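Report on the following structure.
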Number of protein chains: 2
Amino acid sequence: MPKNKQDLLQGTLDLLVLRILNSGARHGYDIAKHIQLVSKDVIQVGQGSLYPSLHRLEKRGYIKAKWDISETGRRAKFYQLTADGKKKTSEEENKWQEFTTAVNLILKNG
Amino acid sequence: MPKNKQDLLQGTLDLLVLRILNSGARHGYDIAKHIQLVSKDVIQVGQGSLYPSLHRLEKRGYIKAKWDISETGRRAKFYQLTADGKKKTSEEENKWQEFTTAVNLILKNG
DNA sequence: TATCATACCTCGACATTCGATGTATGCCAA
DNA sequence: TTGGCATACATCGAATGTCGAGGTATGATA
């Protein structure tokens, strides 16, 4: 049982990050804000979860980083999807759909 | 990133178990079979995941166990929901809906 | 000048899943 | 009768991921 709502995040954070980067490069701080905004505050990713996720994805070759200047004029590390990352995104998206469909079947049928 | 599809299970297994017991007492082995059946083989719970889950839920007072005889005539531990467990089930079900809605928002809007 | 938002990061505690392994019984087929 | 399979319980250690707390630094705003 998840300690709280946040824990449901398990296994899904990387997919969210990939999916967000699919529509353009962003830096970490921005990704966190974006997730919170689009999810209407339901999902709030702490930095202690987000940065490990970004480093994980980078290490696995799904995203790559480039230092640049943010909208506010500060140094920031912008991440963008690689070709592998794009492929991975749709794979994981399919798995997510398949999985939630399966869970919903059980929730309906008991 | 989950190693495989199974890992998506994270944080959801307890909900599935609760929801299944909501329609009547079952024993562990039966719960595993049932999940696999209803989910059309998408979700396969190993015993190394299921039994810890059952013991967790029992310790927290959401289910209680009783030894009985299974359909095949063997000794088996039947679990049934407690009042707390029923309440918990609908709480967790709501959280699940809220969470998947939020994730789907991000998957749609990038 | 102090505090807040931006922006990066790491660390340790904690929980969970997973595969492997172990026990035991009953049934069926060779 | 013996070997294997399905039933049914359980535990263990490795691996993974999340989380909260903490740390650094800068620029803007009050």
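Below, chains carry the letters A, B, ... as their sequence lines are ordered, and counting in each starts from 1. Note that the structure is a prediction, hence the values are computed from the model and not measured.
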Among the candidates [options], find the nucleotide nearest to the side-chain atoms of [X].
X       : options              : result
A:Arg74 : C:dA7, D:dT18, D:dT7 : C:dA7
B:Ser49 : D:dA6, C:dC18, C:dT6 : C:dC18
B:Arg60 : C:dC9, C:dT16, D:dC9 : C:dT16
B:His27 : D:dA8, C:dC9, C:dA7  : D:dA8
B:Lys77 : C:dA5, D:dT7, D:dA10 : D:dA10

Please report, rounded to the nearest Å, how far the [atom2] atom of [N] is from the [atom1] atom of [X].
X       : N      : atom1 : atom2 : answer
A:Asp68 : C:dT6  : CG    : P     : 18 Å
B:Arg75 : D:dA8  : CZ    : P     : 12 Å
A:Ile69 : D:dA25 : CD1   : C1'   : 14 Å
A:Glu71 : C:dA7  : CD    : C1'   : 11 Å
B:Tyr51 : D:dA8  : OH    : P     : 9 Å
A:His55 : D:dG17 : NE2   : P     : 14 Å
B:Leu50 : D:dC9  : CG    : C1'   : 11 Å
A:Phe99 : C:dT17 : CZ    : C1'   : 12 Å

- Mapping B:Lys33 and B:Pro52 to their closest nucleotides on DNA chain D, which lands nearer the 5' end?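 Here B:Lys33 is the residue nearer the 5' end.
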- Query: Starting at the 5' end of DNA chain C and moving along, which residue's nearest nucleotide shows up first, B:Gly73 or A:Gly48?
  - Reply: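 Between the two, 5'-proximity favours A:Gly48.
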With side chains defined as the heavy atoms from C-beta onward, is the minimum distance between [X] and [Y] less than 4.5 Å?
X       : Y       : result
A:Phe99 : B:Thr12 : yes
A:Leu16 : A:Ile43 : yes
A:Leu50 : A:Val17 : yes
B:Leu37 : B:Lys33 : no

- Which part of the nucleic acid does B:Gly28 contact within heavy-atom distance under 4.0 Å: base, sugar-phosphate only, or nothing?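 Since only primed, P, OP1 and OP2 atoms lie under 4.0 Å of B:Gly28, the category is sugar-phosphate.
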- OP1, OP2 of D:dA8 versus side-chain N and O of B:Thr72: anything below 4.0 Å?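 Yes, within the criterion.
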- Message: On the nucleotide C:dC14, are OP1 or OP2 found under 4.0 Å from the side-chain N or O atoms that B:Arg56 carries?
- Response: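 No, because none of the side-chain N or O atoms of B:Arg56 sits under 4.0 Å from OP1 or OP2 of C:dC14.
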- Query: Are a donor atom and an acceptor atom from the side chains of A:Ser53 and A:Asp14 found within less than 3.5 Å of each other?
  - Reply: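 A:Ser53 vs A:Asp14: donor-acceptor pair found between side chains.
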